[in-house]
Amino acid sequence: MKSIFLSAFILIGIFIQAQSTVSGTITSSSGLPAKNVNVTLAGTYDGSSTDENGFFSFETEETGDFELELEGSGFTNETYSISIPIESPLELQVEEATELETAVFTVGTMRAVGNTNETMMSSLDVVTTAGSDGDIIAAMQTLPGTNNVSEDGRLFIRGGEGEETSIFIDRLRVFQPYTQTAPNTPARGRYSPFLFKGINFSTGGYDAPYGQALSGILTLETNDFPTENSYDFGFMTLGVSAAANRVWEKDALTASVAYYNLWPVFQILSTRDEWTHEPEGYSGEAVYRHQFKKGLYKSYVAFEYSKLGMNYEDINSPEKIPFQLNNTNLYLNNSYVHNFSSKLEGFVGFSVAKANTNVHQLSDQFEKEEIGFNGKAEVEWKLNSKNHFRFGSEFVTRKDENQDVLNNQTSDLNENLFAGYSEYIWYFARKWGLKTGIRSEYSDYVNEWNVSPRISLAYKINRYHNVSAFYGEYFQSPMQELGYANPTGFMKSRQYLVNYFYQKDKQTIRVELYQKDYEDLVRNDGAFNYVQNGNGFARGIDFFWRNNGSHIKDLQYWVSYSYIDTKRLYKDFPVEAQPGFVANHNLSIVGKYWIQDWRSQIGFTYQFGSG
């Protein structure tokens, strides 16, 4: 009995000794407390943030010599060497950004969700934007550079088709990011904004790790490790949902299910279409995370089934056309990030997708199966504060099978694409930064190599003003364009961008000029022959202004305006002309007012397009 008690006492003692407290105070170079500074033990996920008094404290099981990394908005990044366990609370200092300003590469990219001072929109903004109905895609359409094509619902960027925008989750491609829907009915994005800690929307000038998008990309980064258990249930007029968050010491699981049926809604609201089966579906998704000593593994899986039927009007038919659709979609995403040191990080991951769509229209029946795989590996090396490197490679395979059941015809489109890329960031002088990148791809579908150079120059005028410029070349396989025809090469776009960015307190202003030139677009030469000699251009200006309550307390609003001049010679266009989905002038005004006594928010969205 005594030995049992002794063993228990020794085990408790070991456990207590394994936990060390790292604490201290951080002040700015002016002697004031440095608030909201992130403090991280390099190579681990241990850390915390400073409070109003600049104080921080966290527990760790690590022992020995480590680097403590400090990062916060308005301050320069600092690294301190410490030995754990520490003998007494630390006293650290960070420099204010006005003393050593760093250029920011704001050209082309808007951070819709994130922790940097470039953030345009939060997750809550996405959900509470009037008219978005919690859809990330719809919320992005209130930002400059987009054309709101209401009958389609996808992202159309600066005169580009919806197929010219690609979407990624945790750096990996999403092959079917939109829900399937009926003709003249907008599609929605498939994913909840609350799953993501980062939503970066690029209307052009995106970085070398990404490709196969002539116009822009939307990159989504899932949340890391949740902090607490939670359970949520939702009841709406169109369906029900449930979600759970379970956290263990080094593991976490988030799962949700949902069912929707628009039959009750359409009993109240009339539509011009005659529904034979109101949109109905169910979905489920789960995110599993495991925290290693120096890394984080994430696994995300999503499944969705949808069904609808309608008789819709068509200008070419005197009678309504019967239409039925069934769709299933499965998406799996696995990724692992490893911190070799405070300066070296590795990433490896893959995504798999499979979608089946069955369509009945008039007497025809069409079946489509889409399968996609994306594998990626990347290394990021921050040599020092002035030199950053990134290297990577990826493989993408796609298979689309289209079957016309009535005519017993089948077409297969298969592509294997290999890519390698590198990127270098050089802060070569105070207030100046240079980012260069190059990407090369080979596709067995078009049997061609491409080389895509990209370069960006940024200058920090002062703490609040930043300007940057960009030039880049982008390529895309014409899989969506050709159908039964054989391609002769990649489609191509060249992009030129100049950007001005201002942020002070609760005000944000962003202005960007752009020119985009197209080459080798697919077109019909008039004799039902596909050729790749199409071309086009798009040029214009984007303006964004956001105020977070500096004029009226609890009132937030933003104004987006875009002007575009564009023409194309592609598809079945006999001459160069402006595509029908393009509006020359696009205006979005979004406002939100929080009423504290009601614990409620009132919001409005106004969108206008002409030309």
Side-chain angles (χ1 to χ4, degrees), residues 18-29 33-97 100 102 111 113-119 170-171 196-198 221-228 247 249-252 289-298 335-347 378-386 388 390 425:
Q19 295 287 330
S20 299
T21 300
V22 178
S23 63
T25 303
I26 302 177
T27 57
S28 67
S29 50
K35 300 180 292 185
N36 301 318
V37 173
N38 295 321
V39 183
T40 307
L41 200 61
T44 75
Y45 287 91
D46 298 334
S48 67
S49 299
T50 57
D51 59 17
E52 295 290 324
N53 299 314
F55 177 78
F56 70 92
S57 178
F58 62 89
E59 302 291 328
T60 182
E61 296 179 1
E62 307 293 344
T63 58
D65 296 331
F66 280 86
E67 290 185 334
L68 196 65
E69 298 176 340
L70 313 181
E71 181 179 353
S73 178
F75 303 100
T76 60
N77 297 342
E78 302 287 350
T79 301
Y80 285 88
S81 297
I82 64 172
S83 182
I84 302 175
I86 61 174
E87 297 180 357
S88 60
L90 304 171
E91 294 184 0
L92 309 174
Q93 188 178 83
V94 290
E95 292 188 56
E96 295 177 85
L100 181 60
T102 303
R111 300 181 187 274
V113 174
N115 297 319
T116 74
N117 61 352
E118 301 161 62
T119 299
D170 288 336
R171 314 187 204 188
F196 306 105
K197 69 174 184 179
E221 186 178 359
T222 56
N223 293 316
D224 288 335
F225 218 77
T227 57
E228 59 184 16
V247 182
E249 182 179 356
K250 294 184 179 296
D251 301 270
R289 312 163 188 86
H290 179 78
Q291 182 175 307
F292 293 90
K293 182 177 181 180
K294 291 189 176 183
L296 180 65
Y297 167 75
K298 296 181 186 179
S335 65
Y336 174 69
V337 177
H338 186 81
N339 295 301
F340 295 98
S341 68
S342 61
K343 298 179 179 180
L344 186 64
E345 179 184 276
F347 168 88
E378 184 177 287
V379 174
E380 185 174 1
W381 180 32
K382 295 182 179 179
L383 177 62
N384 49 46
S385 61
K386 294 185 177 181
H388 300 172
R390 182 157 53 174
I425 300 177

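To the nearest 0.5 Å, atom OG of residue Ser23 and atom CZ of residue Phe56 are 6.5 Å apart. From Lys298, atom NZ reaches atom OG1 of Thr222 across 3.0 Å, with rounding to the nearest 0.5 Å. The NE2 atom of His338 sits 12.0 Å away from the CG atom of Leu296 when rounded to the nearest 0.5 Å. Of the inter-residue distances, the one linking Thr79 atom OG1 with Glu71 atom CD reads 9.5 Å to the nearest 0.5 angstrom. Between atom CG of residue Asp251 and atom OH of residue Tyr297 there is a gap of 11.0 Å, rounded to the nearest 0.5 Å. Distance check: Ser20 OG to Ile86 CD1 gives 8.5 Å after rounding to the nearest 0.5 Å.
The only member of Ile26, Leu68, Thr25 that meets side-chain contact (heavy atoms from CB on, under 4.5 Å) when paired with Leu90 is Leu68.
For Asn223, the side-chain contact (heavy atoms from CB on, under 4.5 Å) partners two or more places apart in sequence, or in a different chain, are Lys197, Arg289. For Glu378, the salt bridge (Lys or Arg N to Asp or Glu O under 4.0 Å) partners are Arg171, Arg390, not counting sequence neighbours. Legend: residues meeting salt bridge (Lys or Arg N to Asp or Glu O under 4.0 Å) with Glu380, ordered by chain and number and at least two apart, are absent. A search for side-chain contact (heavy atoms from CB on, under 4.5 Å) contacts involving Ser385 returns nothing, not counting sequence neighbours. Not a single salt bridge (Lys or Arg N to Asp or Glu O under 4.0 Å) links Glu91 to another residue, sequence neighbours left out. Checked against ring-ring contact (aromatic ring centres under 6.0 Å, His included), Phe55 has no partners two or more places apart in sequence or in another chain.
Surrounding NZ of Lys250 are more than 12 heavy atoms belonging to other residues, nucleotides or ligands, all under 6.0 Å away.
The shortest heavy-atom contact between Phe347 and Ser335 is CE1-CB, 3.5 Å. Closest heavy-atom contact between Asp170 and Glu221: OD1-CA, 3.4 Å. Looking at every heavy atom in both residues, Ser48 comes nearest to Ser57 through OG-O, 3.4 Å. The shortest non-hydrogen separation linking Gly54 to Pro33 is N-CB, 3.8 Å.
For Ser81 and Glu67, the side-chain atoms include no donor-acceptor pair closer than 3.5 Å.
Of the possible polar contacts, one joining the Thr50 side chain to the Ala34 backbone as a donor-acceptor pair under 3.5 Å is found. Checking side-chain atoms of Tyr80 against main-chain N and O of Gln93 turns up a donor-acceptor pair under 3.5 Å.
For the pair Val22 and Val39, the minimum side-chain heavy-atom distance is 4.5 Å or more. Side-chain atoms of Glu249 and Gln291, non-hydrogen and from C-beta on, never get closer than 4.5 Å to each other.
Between His290 and Phe292, the angle of the ring planes goes over 60°, which puts this pair in the perpendicular group of the 30/60° scheme.
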